[in-house]
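All values reported here derive from a predicted model rather than from experimental measurement. Side-chain atoms are counted along with the backbone in the values below, which use heavy atoms only and exclude waters and symmetry mates.
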Amino acid sequence: MAEIGGQQQFVLAPVVVRGLNDKLYEKRKAAAIEVEKLVREALVNNDHQRISSIVISLIQDFAYSAGANARNGGLIALAATSIALGSSELSRYLDDIVPPVISCFTDTDSRVRYYACEAMYNVAKVARGDILKYFNEIFDALSKLMADTDPSVKTGAELLDRLVKDIVTERSSYYPQEGELEDHPVAGDEKQLSSLSHTGEVSGTDRRYPSDPQMPPTPGSTYLLSGMKPSTFNLPRFIPLLAERIKAINPATRMFLVQWIKSLDSVPDLELIGYLPDFMDGLFAYLSDRNVDVRVAALNCLTEFLKEMQDVVAVQRERGSLNVRGRNGWLSQQSSGPLSPSATSVGGLETIDEAGRGNLSPPPFGGEVETVTDPGRALSPTDSQDQDDPNLYINRAISSLSMASTFYAQGGKIRPGKPISTVPPAGVPYISGQVVVFELGRMMGILAPHLISQDEETQSTALRWVDKFVEMFAEHMLPFTPELVGAILPCLAHTIDPIRNLAMEANANLFRLVTDAYKANEGSGAGTADLSASISSISPGVDLFDMQATVETLTLNFQDGSEETRVASMDWLIMLHRKAPRKILTSDDNAFHALLKTLSDPSEEVVRRDLQLLAQISHYSDEEYFMKFIVNLLSLFSSDRRILESRGALIIRQLCLSLNAERIYRAFAEILERDEDLEFASSMVQNLNIILITAPELSDVRRRLKNLDSRDGLVLFAVLYRSWCHNPVATFALCLLAQAYEHAANLLQIFAELEVTVSFLVQVDKLVQLIESPVFTYLRLQLLEPDRYPHLFRCLFGILMLLPQSSAFATLRNRLNSVSSMVMLYGHTGPLGGQVTGTAGSASPQPSSAKARAKPSAGHHSQEPITLRWHELLTHFRNVQLRHERSRRTGSVI
């Protein structure tokens with residue numbers, strides 16, 4: 001201390017020392033002016049040793065003093081010293097002057113913090129670009145000072161902030177292109193700490209890196225890389241700090257950060273957009289800030305970035321090279337211009353060169369990828385990051401390629417890796433944005449949680465970005481389809497109109513992109529030329545995206561409460577299955593069972609699309625799958641009768657519309673004939689029969705049943721009849737539909753042996769109403785020809801006798817009375833005249849519309865005509881009804 005004191009008396013006069021320690025500002029200022037004079041005199045005499053002694057004294061005895069007034073005096077004196085040295089000499093002492101000033105930014109005394117801002121302002125004003133080597137530390141301090149409770153400190157910080165912005169704007173430039181960088185030792189292997197020599201001379205190479213321990217460590221502080229001048233703004237070094245500070249909560253700090261982002265983005269040479277993923281999440285978080293100014297500033301900033309991104313994509317596509325780092329983290333350059341990329345990608349499916357990274361597995365959604373920087377050697381499973389092999393570095397990209405060279409970080413230190421060149425060849429003029437690489441995988445990973453945010457502004461902005469991404473990056477967005485449909489579709493029913501409209505637009509664009517991509521892959525020529533050219537490079541057996549994950553996501557949407565989401569999910573599944581029918585929605589797939597359960601959905605639109613998809617699946621499947629589908633459908637109807645009652649008709653009619661109606665009914669008949677649940681079989685046949693008679697989708701089936709002279713008509717009638725026997729009235733109606741009136745009359749004799757229940761009478765009542773419908777117009781007209789259809793009258797009078805005195809009885813009686821006079825004219829020949837050949841149960845009489853042998857239909861010239869054994873059909877009907885009778889009795893006993 002004595003020596004120091006003696007040195008102090010030699011360097012600074014006692015009056016100067018007292019002045020710097022004085023509590024009055026004017027005296028401290030006067031003392032600082034005296035220090036400035038001393039420095040100027042020493043500078044004139046080229047006495048750098050004296051200048052070094054003065055600087056050391058100001059730092060150790062004042063700036064780091066325990067007294068607040070001494071610290072204030074020291075700060076003013078250091079600023080005066082900087083002014084005296086001037087811009088030409090200040091750089092020699094900057095490494096010693098700046099650290100104590102920065103340390104005072106966090107002083108507990110507000111006046112010290114203010115004078116620190118003032119001192120740094122004066123130092124920076126003189127040093128200009130040289131101060132940028134401490135930019136991270138100054139920026140870190142300013143981000144905290146902006147939230148200071150003292151207004152004067154905030155004012156000083158704002159003045160310093162404006163000055164630093166001006167300096168950054170002046171000193172921003174491109175980084176050296178590939179080939180201009182010299183080999184640089186790995187940071188940490190060599191550290192050149194600067195210190196003032198005893199002679200006062202400062203070596204030009206004896207410089208401390210800004211992150212050395214003399215100053216408080218700052219997140220993002222890294223060593224200077226080869227070729228990067230300290231007086232040039234180092235954007236890659238700043239980005240990690242920005243990524244750290246963007247998480248700030250204080251509104252004032254957030255506004256400070258947004259303003260800096262806007263300022264840096266306004267500098268064309270920096271191309272900040274290439275580093276957007278590093279701070280993009282923070283900007284989206286600001287959209288839900290309580291402070292309206294922060295929300296507006298963040299929204300405007302994001303809007304500008306999106307517009308700039310669209311401009312850059314347009315520039316790159318115009319040049320024929322779109323630089324995108326996709327989902328798996330690998331760089332994709334689609335080039336048809338002067339660039340020759342080392343890797344091409346479509347939809348995230350990279351084609352790596354032979355010396356590339358073929359052995360690497362892709363990272364998770366939005367994650368980073370580890371790459372082998374030596375292109376001549378791939379990473380083997382036994383390799384380690386800690387190996388000393390100089391030819392092998394396992395590196396992690398710290399930022400996007402917005403410069404000619406790419407740098408990688410390992411173990412917290414910077415190493416220059418093998419760059420993927422995006423620099424145009426010599427002689428090609430540079431266009432702003434042409435070398436920007438879009439970190440699409442990282443950006444989509446950031447947008448994913450914001451798509452389902454509870455904040456309306458955040459969600460709408462994320463949707464807008466996704467929608468624009470689909471337009472801009474097209475095929476590169478295909479790998480993100482599973483996540484996108486899971487986030488976008490639930491927004492289709494949002495209560496806020498702007499969000500709902502954005503979701504609809506984004507869904508439509510993504511749907512169109514996937515459709516066009518498959519068309520391009522199939523070679524149909526649809527879609528844009530760029531998309532077709534990109535997709536054509538993918539082999540037909542490779543999926544454009546994870547189809548199974550997409551189907552699972554869409555299937556989960558079946559449980560969504562909104563009809564719009566479920567309908568859109570169905571539309572997606574229909575489209576995807578149409579494009580890849582052999583890859584998704586098999587009978588063993590869980591999604592297939594979910595489709596069956598969706599038949600009970602309360603929305604009719606959802607059920608219609610569900611049936612369309614099920615029919616589409618059946619169309620592309622074999623007979624075994626089709627029968628399994630019908631069995632599962634009947635099982636669903638059996639387990640949930642409400643579906644059969646409320647949606648049964650809709651489901652069956654839609655299936656008949658989408659598939660072959662006769663195939664559907666024959667499958668139902670074959671399965672129901674063997675069904676052990678007799679009650680369900682009877683109910684199901686009743687529903688099938690009503691649909692058969694009334695539905696326009698089954699007009700061809702009805703037409704074929706009316707023609708029992710053909711082989712196909714007889715076979716169809718026989719198949720349906722054997723299962724229709726579960727329901728007497730349905731069987732009788734089938735005979736009327738097929739014009740098998742004599743057999744129908746014989747069935748009436750068996751009806752007399754059955755137990756007439758209320759359900760039976762209700763069905764007969766409905767049958768009378770059906771007879772009066774347009775479907776049976778031909779039957780009513782046949783009443784005018786009793787000589788040709790004598791058994792028709794017997795059938796109708798038999799029904800009349802079964803009915804009680806009801807409205808249906810009156811309706812049918814009126815119909816028969818209207819033709820009674822004509823019946824009397826032919827009474828001597830008709831069955832009512834008593835001259836009918838055969839008995840009611842005889843097998844010899846044939847139906848009025850068919851002979852015993854049906855004529856062979858077209859395509860069956862060599863086959864024998866089919867003969868229906870009517871007595872066997874009657875026997876089968878009687879046996880089935882006996883089974884029902886026993887079942888009812890057993891059930892009543894239980």
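Remark: the backbone N or O of S103 is not paired with any side-chain donor or acceptor of D107 at under 3.5 angstrom. Checking side-chain atoms of N300 against main-chain N and O of V296 turns up a donor-acceptor pair under 3.5 Å. Looking at N136, its side chain does come within 3.5 Å of a backbone N or O of R237 through a donor-acceptor pair. Put simply, the side chain of Y275 never gets that close to the backbone of P240: no donor and acceptor are under 3.5 Å apart. Listed for the Q459 side chain is a donor-acceptor partner under 3.5 Å among the backbone atoms of L451. Formation of a donor-acceptor pair under 3.5 Å by the E456 side chain with backbone atoms of P498 is not found in this model. Checking side-chain atoms of E170 against main-chain N and O of G129 turns up no donor-acceptor pair under 3.5 Å. With hydrogens and angles disregarded, a donor-acceptor distance shorter than 3.5 Å links the side chain of S82 to the backbone of L78.
Scanning for ring-ring contact (aromatic ring centres under 6.0 Å, His included) contacts around F284 gives H450, W465, with sequence neighbours left out.
Between L235 and L270, the shortest heavy-atom contact is CD2-O, 3.7 Å. The shortest non-hydrogen separation linking I273 to F305 is CD1-O, 3.8 Å. Scanning all heavy atoms of the two residues, the minimum distance from S143 to T253 falls at O-OG1, 2.9 Å. In plain terms, the two heavy atoms of L132 and T232 that are nearest each other are CD1-C, 4.0 Å. Smallest separation of non-hydrogen atoms from R113 and F105: CD-O, 3.3 Å. Residues N323 and Q316 share a closest heavy-atom pair of N-OE1, 2.9 Å.
Once rounded to the nearest 0.5 Å, the distance linking CG of L484 with CG of L513 reads 10.0 Å. L440 CG to F473 CZ: the interatomic distance, rounded to the nearest 0.5 Å, is 5.5 Å. Put simply, CG on L145 and CG on L160 are 8.5 Å apart, with the number rounded to the nearest 0.5 Å. Here the CG atom belonging to D130 is positioned 8.5 Å from the OG atom belonging to S87, to the nearest 0.5 angstrom. Between the CD atom in E505 and the CG atom in L510 there is a gap of 12.5 Å [rounded to 0.5 Å]. Distance check, rounded to the nearest 0.5 Å: OH of Y286 to CE of M255 gives 10.5 Å.
Residues M120 and I131 have side chains in contact (heavy-atom distance under 4.5 Å, counting atoms from C-beta outward). Looking at heavy atoms from C-beta onward, R442 lies out of side-chain contact with M280 at the 4.5 angstrom threshold. Residues L299 and T461 meet the side-chain proximity criterion, which asks for heavy atoms closer than 4.5 Å. By the 4.5 Å heavy-atom criterion applied to side chains, L75 and Y114 are not counted as neighbours. Looking at heavy atoms from C-beta onward, L272 lies in side-chain contact with I239 at the 4.5 angstrom threshold.
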Give the intermediate values and the outcome of side chain to side chain contact (heavy atoms under 4.5 Å, CB included) for residues M309 and L276. CA-CA 10 Å; M309 196 178 303; L276 180 59; 3.5 Å; yes
Given side chain to side chain contact (heavy atoms under 4.5 Å, CB included), test M472 with L322 step by step and report yes or no. CA-CA 10 Å; M472 288 188 291; L322 180 60; over 6 Å; no
Taking it one step at a time, do D281 and K247 satisfy salt bridge (Lys or Arg N to Asp or Glu O under 4.0 Å)? CA-CA 9 Å; D281 189 44; K247 302 173 185 177; over 6 Å; no
Derivation of the side chain to side chain contact (heavy atoms under 4.5 Å, CB included) call for I246 and I261: CA-CA 10 Å; I246 201 72; I261 291 173; 3.9 Å; yes
Take I167 and L163, measure what side chain to side chain contact (heavy atoms under 4.5 Å, CB included) needs, and give me the verdict at the end. CA-CA 6 Å; I167 296 174; L163 175 62; 4.1 Å; yes
Stepwise, does the ring pair (Phe, Tyr, Trp, His ring centres under 6.0 Å) test hold for F233 with W260? CA-CA 14 Å; F233 178 63; W260 260 102; 7.4 Å; no
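Here the rule is side-chain contact (heavy atoms from CB on, under 4.5 Å) with M146, and of E158, Q259, R254 only E158 fits it.
Side-chain polar atoms of D150 and S110 form a donor-acceptor pair below 3.5 angstrom.
No salt bridge links R162 with D166; every basic N to acidic carboxylate O contact stays at or beyond 4.0 Å. A salt bridge between D148 and K144 is absent, with no side-chain N of the basic residue lying under 4.0 Å from a carboxylate O of the acidic one.
Other residues, nucleotides and ligands contribute more than 12 heavy atoms inside 6.0 Å of the OH atom of Y115. Applying the 6.0 Å contact sphere to NZ of K262 captures more than 12 heavy atoms from other residues, nucleotides or ligands. No more than 12 heavy atoms of other residues, nucleotides or ligands shown are found within 6.0 angstrom of CD on E318.
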